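In what follows, a structure is listed as structure tokens, so that the remarks can point back to it.
All of these numbers come straight from a predicted model, not from anything done at the bench. As the structure lists them, so they are numbered: ligands from 1, and atoms in each ligand from 1. What's counted below: heavy atoms across the whole structure, side chains too, no hydrogens, waters or symmetry copies.
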Amino acid sequence: MTTAPTFQTKLTELTGVDHPIVQTGMGWVAGPRLVSATANAGALGILASATMTLDELEKAIVEVKGRADKPFGVNLRADASDAPDRCRLLIDHGVKVASFALAPKPELIATLKEHDIVVMPSIGAAKHAKKVASWGADMVMIQGGEGGGHTGAVPTTLLLPSVLDAVDIPVVAAGGFFDGRGLAAAMAYGAAGIGMGTRFLLTADSAVPEDVRRRYLEFGLDGTVVTTKADGMPHRLLRTEFIDTLEKEGVTAKLARTIKRTRQFKEMSGLPWRTLVKDGRSMVHGGDRTWAEVVLAANTPMLLRAGLVEGDTSAGMLSSGQVVGLLDDLPTCEELVDRIIAGAVDRLKHLDATHT
Ligand SMILES: Cc1cc2nc3c(=O)[nH]c(=O)nc-3n(C[C@H](O)[C@H](O)[C@H](O)COP(=O)(O)O)c2cc1C
């Protein structure tokens with residue numbers, strides 16, 4: 001049985017979910033099954049769309065709606081050339097939340113808000129939170145350095161208060177959360193809730209092959225590494241033999257692999273070279289990335305797919321937060337959400353302090 005709504009925060013108010021818990025967008029991982037299981041457990045599930053074509057995204061949205069009559073969200077790459085088309089899908093299908101990996105343009109935020117969609121960009125610094133807040137974002141999600149996937153250097157315990165001090169909009173805390181103590185602590189800081197990636201990846205409702213999920217559970221707190229070798233950006237992954245090799249590999253071997261994977265990604269995504277080049281060009285012009293880094297970045301989706309979908313841990317990348325070292329089971333989303341809420345209630349009741 002799912003737990004009755006217990007904590008009302010700005011996150012539950014804005015999105016209409018029962019509990020201030022978010023299952024974050026994770027490429028190749030956060031598909032319809034995980035998102036609908038999260039929604040049915042009363043939390044906010046977010047579909048990851050960066051690894052889906054437009055058609056696949058529409059099918060996934062329809063599937064979630066068929067499995068759960070609850071609010072949910074979609075995670076988008078704000079820099080993708082078809083971001084406006086993807087936002088149109090969200091509008092047409094009444095998706096409740098748009099989550100962005102990078103800051104969306106003010107016009108896009110305005111369009112989504114006109115249609116009552118809650119806009120929640122993920123950010124890694126207070127100055128970015130200020131910028132998106134001034135552009136009209138409804139909420140931000142921070143991801144501390146301990147989090148899985150692309151990540152920054154500042155830990156949640158420092159990033160969270162710095163962002164809470166910088167903006168007036170609600171802040172959801174992600175990076176390192178897994179239990180009721182974390183939810184209680186985040187709310188005590190002033191956060192509107194917690195977001196979790198690795199913890200939801202490691203549930204019974206996750207579509208990641210079970211032997212891969214079991215492999216994750218073997219890793220300890222020192223079992224992850226942040227590397228820029230995969231795609232030129234800091235990426236937290238399980239420290240597997242494959243990653244050790246990638247870190248040591250020479251430029252030539254890496255480039256050969258990159259070109260092969262880029263071609264595979266092109267075939268899978270169905271995107272014409274024109275679009276890939278256009279997206280690449282906007283990445284080069286939009287930031288400090290060189291063409292070499294952009295080509296390298298095209299490598300990542302296929303390497304992640306090999307690990308997370310095909311279960312090939314010897315030739316794939318497995319994004320993971322440091323929190324993996326504290327996990328030893330694969331609960332259902334419902335069990336997970338229920339125990340986090342019960343754990344937070346218990347912690348708040350038994351705070352180890354006396355005051356007058
Ligand atoms: C396997 C995996 C894939 C991820 N893919 C994405 C993604 O596609 N878009 C995104 O904004 N964040 C992505 N992230 C980051 C998560 O959304 C989330 O911010 C992070 O996992 C939080 O830290 P935690 O792992 O400690 O819970 C990914 C994380 C993991 C573990």
Report task. Identify which of Asn75, Ile46, Thr51 has a heavy atom lying nearest to atom 9 (N) of ligand 1. Result -> Asn75
Requested in this report: Could you tell me whether some N/O pair between Gly148 and ligand 1 is separated by less than 3.5 angstrom?
Outcome: yes
Query - Side chains of Thr3 and Asp338, donor plus acceptor under 3.5 Å - result: yes
Query raised in the report: What about Val323: any of its N or O atoms under 3.5 Å from an N or O on ligand 1?
Result: no
Report summary line: Closest to atom 12 (N) of ligand 1 by heavy-atom distance, out of Gly149, Gly25, Ala173, Gly144, is Gly25
Query raised in the report: In the protein, what heavy atom is nearest to atom 25 (O) of ligand 1, and what distance, to one decimal place, separates them?
Result: Thr198 OG1, 2.5 Å
Query raised in the report: Would you say ligand 1 has an N or O under 3.5 Å from any N or O of Ser122?
Result: no
**Report entry** Heteroatom proximity flag, Arg199 to ligand 1, N/O under 3.5 Å
**Finding:** no
Query raised in the report: So, Thr224 and Arg236: side-chain donor and acceptor under 3.5 Å apart, yes or no?
Result: yes
Report task. Decide whether an N or O pair under 3.5 Å exists between Gly27 and ligand 1. Result -> yes
Query raised in the report: When you check the gap from the basic side-chain N to the acidic O, do Lys113 and Asp138 get nearer than 4.0 Å?
Result: yes
Query raised in the report: Among side-chain atoms of His93 and Glu58, is any donor-acceptor pair under 3.5 angstrom?
Result: yes
**Report entry** Ion pair Asp92/Arg88, N-O distance below 4.0 Å
**Finding:** yes
